[in-house]
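Written below as structure tokens is the structure these notes are about.
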Amino acid sequence: MFDRHSGGENAVLVHIELPDSHNKEDKDEFVDLVVSAGLSIKAMVGGSRQSPHARYFIGTGKAEEIKQIVEEQNADVVLFNHRLSPAQERNIEELVCCRVIDRTGLILDIFAQRAHTHEGKLQVELAQLRHMSTRLVRGWTHLERQKGGIGLRGPGETQLETDRRLLVDRIKNIRKRLDKVEKQREQSRRARKRGNIQTVALVGYTNAGKSTLFNRLTKSKVYAADQLFATLDPTHRQVELVPGQRAILSDTVGFIRHLPHDLVAAFKATLQESRQADILLHIIDASDIRKEDNIEQVYKVLESIGAGDVPVIEVYNKIDQLEKVSPKIEAEYDEHGRVISAPNMGTNEVSHKIWCSAKTGEGVELALQTISEQLDIDWLDLNLLISPQNLDIRSELYNLHVITDETVVENGDMEVRVKIDAGDWRRLNRQSDNRLEQCCVGEIPHFGIEDDWQS
């Protein structure tokens, strides 16, 4: 439905310094975005203004300069590191006689390249349609009237109205399909809650190393590369934090400053994973000189999507690129040895700061250890007496890696000590027709949740 470049097109980049923080962007990040999109950079046009020009955003003189550079470089596209209005985009296109794409359009194009799953493609198309719908009002004024004459008169509506109606119908259709996906995700989340399996969502600025750390923690092979938005589609994997304790890790889409609102709205179902996670693992590129600004941008996005109250563990990644920095955990404790959570640049509270390298594996075990300590799981430390008739129960306990000690007594029974979370206990007890509960020596402590395994 959308005209996409085939890669390798010649591009002229435009970056203007503005005092307004709302329009202020990073030039180096802009170059990274263009490279990630697969374009060939032929020239960079810079400058500064106190405020955007109404017609061209950059002023008439600078617009003429860009026109000349486009002709000299035989450029195919002009990319702006700013959000242009539909009218500004059309005015510049008429002047330079080639395609003009603003920052939002560039990010949307990268997302379109990275989306591989059915859901991801739907989300990107929805964002593109939302973005295109704003361009129909002023950007496509040449469609406001249909041509007259024999055989060319329309059926009563202008071409612009027809295009708008088709866009609205398509947006409604995609929304319905994404709503169905969101309901399926919600069912999966409820199932995890019933099983007392908690979720840890990896969040962070794009290219901070989330997917690399995700692969290291879960022993997976999710695609990871040194580029912006290398992975787009969300991925879930189960990980064993310590013997007998498991959690679900979710690798989410990377954030970026001034994340387009169309993308936030389209990726509602995906970002829901961050809102409903038990802990957020905020991955930070410790080697990036812009890390403080990037951290602030991430917390702004988390607050905007309703994840501002989820506890955070900050992971400073890529210490292999720093000198004299070793793996460590930073945390403050009170007189009782409890961790004191500290406020950050947003509303989230940070309990720990972990320094590690996902690439080399240094310090990664510290992340697993910290997650294990922070997750509020109902743990049971129990003694069991398992008879030879119940060896299937013992086998299941070994499969879960929850047996901490075992002794064989004279009559052939086995005294087994287990450390198991409440969800696994309830599930195994149901599967064994309450035989697991009958093996328990002593009173079973209260779970803190509904004791429905007895029913």
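This is a predicted model, so every value here is computed, not measured.
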Given side chains that start at C-beta, do those of Val200 and Leu241 come closer than 4.5 Å, heavy atoms only? no

Do Leu302 and Leu280 touch side chain to side chain, with heavy atoms closer than 4.5 Å? yes

* Asked: Does a side chain donor of either Tyr205 or Glu296 reach within less than 3.5 Å of an acceptor in the other side chain?
  -> no

Practice task
Using the six-membered ring wherever Trp is involved, compare the ring planes of His82 and His15 and label them parallel, tilted or perpendicular (cut-offs 30° and 60°).
Solution key: parallel

Requested in this report: Verify side chain to side chain donor-acceptor pair (under 3.5 Å) between Trp355 and Glu330, making sure each step is shown before the conclusion.
Outcome: CA-CA 8 Å; Trp355 296 75; Glu330 294 180 358; 3.3 Å; yes

Q) Would Ser287 and Gln321 count as having a side-chain donor-acceptor pair, cut-off 3.5 Å? A) yes

Value for CD (Gln123) from CZ (Arg177), rounded to nearest 0.5 Å, stands at 12.0 Å

Q: Could you verify whether a donor N or O on one side chain and an acceptor N or O on the other, from Trp425 and Glu437, lie under 3.5 Å apart?
A: no

*Can you label the angle between the Phe57 ring and the Phe80 ring as parallel, tilted or perpendicular, going by 30° and 60°?*
perpendicular

- [ ] Could you tell me whether the side chain of Glu29 reaches within less than 4.5 Å of the side chain of Arg103, counting heavy atoms only?
- [x] yes

Can you check side chain to side chain donor-acceptor pair (under 3.5 Å) on Gln113 and Asp109, steps first, answer last? CA-CA 6 Å; Gln113 294 181 49; Asp109 185 84; 2.9 Å; yes

| query | Just checking, is any N or O donor in the side chain of Asp251 or Ser211 under 3.5 Å from an acceptor N or O on the other one? | reply | yes

### Query
Do Val418 and Leu384 have side-chain heavy atoms sitting under 4.5 Å apart?
yes

| task | Taking the side chain as every heavy atom from C-beta outward, state whether Ile284 and Glu314 have any atom pair closer than 4.5 Å. | result | yes

**Chi angles and distances behind the side chain to side chain donor-acceptor pair (under 3.5 Å) call for His352, Thr370** = CA-CA 8 Å; His352 296 76; Thr370 305; 5.2 Å; no

| Is it true that atom NZ of Lys353 has more than 12 heavy atoms of other residues, nucleotides or ligands lying nearer than 6.0 Å? | no

*asked:* For a 4.5 angstrom cut-off between non-hydrogen side-chain atoms, does Ile171 reach Leu126?
replied: yes

>> Pairing donors with acceptors under 3.5 angstrom, does anything connect the side chains of Thr104 and Arg83?
In response: yes

State, yes or no, whether a side-chain contact exists between Asn207 and Asp32 at a heavy-atom distance under 4.5 Å. no

**Asked** Is Asp278 reaching over with its side chain to a backbone N or O of Gln198, donor-acceptor style, under 3.5 angstrom?
**Response** no

Stepwise side chain to side chain donor-acceptor pair (under 3.5 Å) test for Asn294 and Asp288: CA-CA 9 Å; Asn294 293 348; Asp288 194 338; 3.2 Å; yes

